[in-house]
Amino acid sequence: MGGCKVRILSRADFERSTLRVARSLIGKYLVREGPAGVQAGRIVEVEAYVGLTDRASHASRGRTPRTDVMFGQAGVAYVYLVYGMHHCFNVVTEREGYPAAILIRAVVTGSPARLIDGPGRVCRAFGIDRALNRMDLTSGRELWIEDRSERVSESAISRLPRIGVDYAGEWAAKPYRFRLNGLS
DNA sequence: AGATTGATCCAT
DNA sequence: TGGATCAATCTG
């Protein structure tokens with residue numbers, strides 16, 4: 001088939017408004033090149049964490065050893081351990097000095113296709129852990145995101161409140177979660 | 001609903 | 001230095 005271009009997302013793709021990048025990540029592909037070979041998953045759910053004032057964001061309490069990566073260069077991985085057990089994978093966005101990132105919450109992968117629903121499950125399935133924290137996702141090595149020229153219409157995406165951030169007051173209700181409609 | 005698990009952060 | 005907290009998941 002002609003016209004089916006594949007492009008690895010570049011720094012410039014991530015150096016934009018986090019909400020817009022989050023929206024655009026739906027339908028892109030997370031690709032992991034590891035010891036077990038190459039795996040790819042179609043991204044179907046993400047959450048945006050935007051700036052110092054976003055009380056749901058780890059960065060809302062300032063720049064610390066953990067959140068430092070969120071203040072850094074866009075297109076870099078932010079991977080952390082939550083509840084002592086599960087890893088969560090994020091992509092850093094926006095200009096340097098502005099803390100923001102997008103959590104990858106669900107992908108569809110494999111044949112037959114199966115939904116991997118939940119950030120901890122995504123990391124487990126793709127072998128992502130803190131060893132990949134601060135990795136440059138634009139290098140085309142180990143971990144990156146591909147645009148495979150699949151258009152996803154606005155009407156195919158729901159905007160919902162983020163999960164597990166009830167502590168964040170009014171910020172908990174903001175529709176910063178983007179999910180593809182029609183998933184099981 | 002309750003247990004799990006350990007890094008992180010801040011106040012004691 | 002101690003302890004509350006946590007962007008989750010599994011089992012019942």
Does [X] make a side-chain N or O approach to OP1 or OP2 of [N] shorter than 4.0 Å?
{"X": "Arg105(A)", "N": "dA8(C)", "value": "yes"}
{"X": "Arg124(A)", "N": "dT9(C)", "value": "no"}
{"X": "His58(A)", "N": "dA7(C)", "value": "yes"}

Could you tell me the separation between the [atom1] atom of [X] and the [atom2] atom of [N], rounded to a whole number of Å?
{"X": "Ile102(A)", "N": "dA7(C)", "atom1": "CD1", "atom2": "P", "result": "17 Å"}
{"X": "Leu160(A)", "N": "dA7(C)", "atom1": "CG", "atom2": "C1'", "result": "15 Å"}
{"X": "Leu103(A)", "N": "dT9(C)", "atom1": "CG", "atom2": "P", "result": "9 Å"}
{"X": "Arg61(A)", "N": "dC10(B)", "atom1": "CZ", "atom2": "P", "result": "7 Å"}
{"X": "Asn90(A)", "N": "dC6(C)", "atom1": "CG", "atom2": "C1'", "result": "14 Å"}
{"X": "Asp117(A)", "N": "dC10(C)", "atom1": "CG", "atom2": "C1'", "result": "15 Å"}
{"X": "Arg66(A)", "N": "dC9(B)", "atom1": "CZ", "atom2": "P", "result": "6 Å"}
{"X": "Asp166(A)", "N": "dT5(C)", "atom1": "CG", "atom2": "P", "result": "14 Å"}

**Item:** Closest-nucleotide 5' rank along DNA chain B - winner of His86(A) and Arg130(A)
**Value:**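 Its nucleotide being nearer the 5' end, the pick is His86(A).
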**Message:** Which residue in the set Phe71(A), Tyr80(A), Tyr49(A) passes ring-ring contact (aromatic ring centres under 6.0 Å, His included) when paired with His58(A)?
**Reply:**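 With His58(A) as partner, ring-ring contact (aromatic ring centres under 6.0 Å, His included) holds for just one option, Tyr80(A).
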**Fill in**
The dot-bracket string of DNA chain B, counting Watson-Crick and G-U wobble pairs with both distances under 3.5 Å, using [ ] for crossing pairs and | for pairs to another strand, is ||||.||||||.
**Asked** What does Arg55(A) touch in the nucleic acid at a heavy-atom separation under 4.0 angstrom: a base, only the sugar-phosphate, or nothing?
**Response**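 No contact at all - Arg55(A) keeps every heavy atom at 4.0 Å or more from the nucleic acid.
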**Request:** Give one of base, sugar-phosphate or nothing for Arg162(A), where a contact means two heavy atoms less than 4.0 Å apart.
**Result:**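 Result for Arg162(A) = nothing.
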Contacts under 3.5 angstrom, residues 112-122 of chain A side chains, donor-acceptor by atom type, not counting sequence neighbours:
| from | atom 1 | to | atom 2 | distance (Å) |
| --- | --- | --- | --- | --- |
| Asp117(A) | OD1 | Arg179(A) | NH1 | 3.3 |
| Asp117(A) | OD2 | Arg179(A) | NH2 | 3.3 |
| Arg121(A) | NH1 | Asp117(A) | O | 2.5 |

**Prompt:** Would Arg55(A) and Glu170(A) pass as an ion pair if we require N to O under 4.0 Å?
**Reply:**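 No salt bridge links Arg55(A) with Glu170(A).
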**Prompt:** Can you check whether Leu30(A) reaches Leu143(A) side chain to side chain, under 4.5 Å on heavy atoms?
**Reply:**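 They are in side-chain contact.
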Nearest to side-chain heavy atoms of [X], which nucleotide of [options]:
{"X": "Tyr83(A)", "options": "dA7(C), dA7(B), dC6(C)", "value": "dC6(C)"}
{"X": "Tyr78(A)", "options": "dT8(B), dT5(B), dA7(C)", "value": "dA7(C)"}
{"X": "Pro65(A)", "options": "dA8(C), dC9(B), dA7(C)", "value": "dC9(B)"}

**Prompt:** Of Arg121(A) and Tyr167(A), whose closest DNA chain C nucleotide lies nearer the 5' terminus?
**Reply:**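 The residue closer to the strand's 5' end, by nearest nucleotide, is Tyr167(A).
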**Prompt:** Got more than 12 heavy atoms from elsewhere within 6.0 Å of CZ, Arg61(A)?
**Reply:**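 Atom CZ in Arg61(A) is not crowded, with 12 or fewer foreign heavy atoms closer than 6.0 Å.
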**Request:** Please indicate whether Arg20(A) has more than 12 foreign heavy atoms, meaning atoms of other residues, nucleotides or ligands, lying under 6.0 Å from its CZ.
**Result:**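 Check fails, neighbour count at 12 or below.
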**Item:** Pair Ser57(A)-Ser60(A), side-chain donor/acceptor within less than 3.5 Å
**Value:**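 No, no side-chain donor-acceptor contact under 3.5 Å.
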**Request:** Look at the side chain of Tyr80(A) and the base of dA7(B), then say whether one donor and one acceptor between them are separated by less than 3.5 Å.
**Result:**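 Between dA7(B) and Tyr80(A), which were checked side chain against base, a qualifying N/O pair under 3.5 Å is absent.
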**Asked** So among Asn90(A), Val91(A), Asp68(A), which one has a side chain to side chain contact (heavy atoms under 4.5 Å, CB included) with Tyr78(A)?
**Response**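 Testing each of Asn90(A), Val91(A), Asp68(A) against Tyr78(A), the sole residue satisfying side chain to side chain contact (heavy atoms under 4.5 Å, CB included) is Asn90(A).
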